[in-house]
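Let me begin by presenting the structure, written as structure tokens, before commenting on it.
The figures here come from the full heavy-atom set of this structure, side chains too, leaving out hydrogens, waters and symmetry mates. Starting from 1, each residue takes its place in the sequence as its number. These figures come from a predicted structure and were not determined experimentally.
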Amino acid sequence: GVCPRIVLFSSATNQFLIGGTFPTESFRLRQHDSDPELVAPALALNLGDTNFNTRHQTQRALAAYGIKDTNTPALLEYLNDSTLHVRMAATNALKTLDPVAGAKAGIK
């Protein structure tokens with residue numbers, strides 16, 4: 001499946017790009033830690049993708065950024081993490097996976 005929200009890392013330009021189309025790109029991202037504040041939150045949006053492989057690879061990539069569990073109770077706990085990119089990724093994941101729980105936690 002095409003996943004338009006994947007974040008791609010271009011080693012040629014050393015930049016992160018939003019708008020990729022290959023589900024495996026989220027797995028490759030876990031090797032690039034240069035901008036977790038951009039990558040981790042953008043990756044979290046892929047957790048709602050209909051393609052199982054995309055969701056699985058996204059979970060693996062997020063684990064490298066500190067999001068080890070993507071169920072709602074764990075994501076709610078990550079909202080209080082001391083690391084900004086973890087909080088941002090948890091916010092985006094909740095918006096995607098459980099917007100009702102996110103809204104109750106104050107996410108708009």
Side-chain donor-acceptor contact under 3.5 Å, Asn51 with Asp49: no

OG1 (Thr70) and CZ (Arg55) are apart, to the nearest 0.5 Å, by 10.0 Å

Nearest heavy-atom approach of Gly102 to Leu94 is CA-CB, 4.3 Å

### Message
With a sphere of 6.0 Å drawn around NZ of Lys104, does it hold more than 12 non-hydrogen atoms of other residues, nucleotides or ligands?
### Response
no

Looking only at heavy atoms, the pair that brings Pro41 and Met88 closest together is CG-CB, 3.4 Å

Derivation of the side chain to side chain contact (heavy atoms under 4.5 Å, CB included) call for Ile107 and Lys95 | CA-CA 8 Å; Ile107 296 171; Lys95 285 180 183 177; 3.5 Å; yes

When every non-hydrogen atom of Ala89 is compared with those of Ala40, the smallest separation belongs to CB-O, 3.6 Å

For Asn92 and Ala44 the tightest heavy-atom approach is CB-CB, 3.9 Å

The reported gap from OG1 in Thr96 to CG in Leu45 (rounded to nearest 0.5 angstrom) is 4.5 Å

**Report entry** side chain to side chain contact (heavy atoms under 4.5 Å, CB included) between Leu47 and Leu62, worked out
**Finding:** CA-CA 10 Å; Leu47 291 170; Leu62 284 172; 3.8 Å; yes

Heavy-atom nearest pair, Tyr78 first then Val86, reads CD2-CG1, 3.7 Å

On a heavy-atom basis, the closest approach of Leu84 and Glu37 is CD2-CG, 4.2 Å

Determine, step by step, whether Leu79 and Arg87 satisfy the side chain to side chain contact (heavy atoms under 4.5 Å, CB included) criterion, reporting the C-alpha distance in whole Å, the side-chain angles of both residues, the deciding distance to 0.1 Å, and the verdict. CA-CA 5 Å; Leu79 294 176; Arg87 292 191 311 269; 5.6 Å; no

Run the numbers on Thr72 and Leu97 for side chain to side chain contact (heavy atoms under 4.5 Å, CB included), then give the verdict. CA-CA 8 Å; Thr72 298; Leu97 298 175; 5.6 Å; no

